[in-house]
Novice: 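Before I ask anything, let me first share the structure, which is written out below as structure tokens.
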Amino acid sequence: MGWVAAGVVTSVVGGVMSYNASKKAGKKQQEAYEYQAKVNQRNAKVLDAQALLMGRQSEYDIQRFRKNYRKFEGSAKVAIHKSGFRSDTGTGLEIMLENAREAQDQIDIQRYNTRIEQSKLNEEALQQRMGSNLNVKYGQAAKSAGYASGRAALIGGISQGISYLDQ
């Protein structure tokens with residue numbers, strides 16, 4: 001009869017230990033997923049900041065380009081006048097207008113390219129946020145799985161202990 005009691009106690013204690021180990025493992029997995037979710041959120045914020053900074057830098061570059069263009073425009077007028085033409089009519093005007101169109105095209109291209117790059121960064125940030133949400137869900141699932149596994153082990157230990165009583 002002593003070996004039966006020992007078997008029952010051993011089975012139940014083993015089940016309790018398995019329950020605790022599974023529960024702890026599920027909780028640790030959840031913590032790891034939650035940490036990764038925080039990393040994803042941080043990465044998203046960095047990408048958002050990069051997109052914002054990129055836009056500001058682009059506008060700064062455009063302002064600098066405009067300043068340089070105004071200097072170029074003045075030099076072009078002087079060159080046209082030195083050639084014996086006027087810059088406000090005829091060929092001189094056409095040259096000045098073409099230069100202005102090209103300058104505006106460059107500005108438009110700069111803004112377009114910046115928007116594309118910002119969109120890419122914003123998409124990456126969105127992917128990071130979605131990854132964060134998934135990691136939180138994975139963590140919840142890991143915790144639940146740990147608890148379920150632990151309960152199964154506990155029930156198995158109790159069942160095994162009960163089977164010793166039937167002998």
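Below, all heavy atoms of this structure are taken into account, side chains as well, without hydrogens, waters or symmetry copies.
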Novice: Before you tell me yes or no, could you show the steps for Glu98 and Glu94 under side-chain contact (heavy atoms from CB on, under 4.5 Å), namely the whole-Å CA-CA distance, both residues' side-chain angles and the distance that decides it to 0.1 Å?
Specialist: CA-CA 6 Å; Glu98 183 58 28; Glu94 288 179 28; over 6 Å; no
Novice: Pair up each side-chain donor or acceptor in residues 75-82 with any protein partner under 3.5 Å, not counting sequence neighbours, and list the distances.
Specialist:
{"residue": "Ser75", "atom": "OG", "partner": "Lys71", "partner atom": "O", "Å": "3.2"}
{"residue": "His81", "atom": "NE2", "partner": "Ser87", "partner atom": "OG", "Å": "3.1"}

Novice: First locate atom CG of Asn122, then atom CE of Met54, and finally report the distance between them rounded to the nearest 0.5 Å.
Specialist: 10.0 Å
Novice: Using the six-membered ring wherever Trp is involved, compare the ring planes of Phe72 and Tyr69 and label them parallel, tilted or perpendicular (cut-offs 30° and 60°).
Specialist: tilted
Novice: State, to 0.1 Å, how close Phe65 and Ala103 come at their nearest heavy-atom pair, and which atoms those are.
Specialist: CE2-O, 3.5 Å
Novice: Who passes side chain to side chain contact (heavy atoms under 4.5 Å, CB included) against Arg115, sequence neighbours left out?
Specialist: Arg111, Tyr112, Gln118
Novice: Step by step, work out the side-chain contact (heavy atoms from CB on, under 4.5 Å) result for Val136 and Gln140.
Specialist: CA-CA 6 Å; Val136 168; Gln140 292 167 345; 3.9 Å; yes
Novice: For a quick test of reading the model, state the closest non-hydrogen atom pair linking Asn135 to Asn40 and the distance between them.
Specialist: ND2-OD1, 2.8 Å
Novice: If we only count heavy atoms from C-beta on, is the Gln128 to Glu124 side-chain gap below 4.5 Å?
Specialist: no
Novice: According to the salt bridge (Lys or Arg N to Asp or Glu O under 4.0 Å) rule, which pairs have a member within residues 127-144, sequence neighbours left out?
Specialist: Asp48-Arg129
Novice: CG/Asp61 to CD/Gln106 distance, rounded to the nearest 0.5 angstrom?
Specialist: 12.5 Å
Novice: Roughly how far apart are Arg101 CZ and Asp105 CG, rounded to 0.5 Å?
Specialist: 9.0 Å
Novice: Give the minimum heavy-atom separation between Ala125 and Leu47, together with the two atoms involved.
Specialist: N-CD1, 3.5 Å
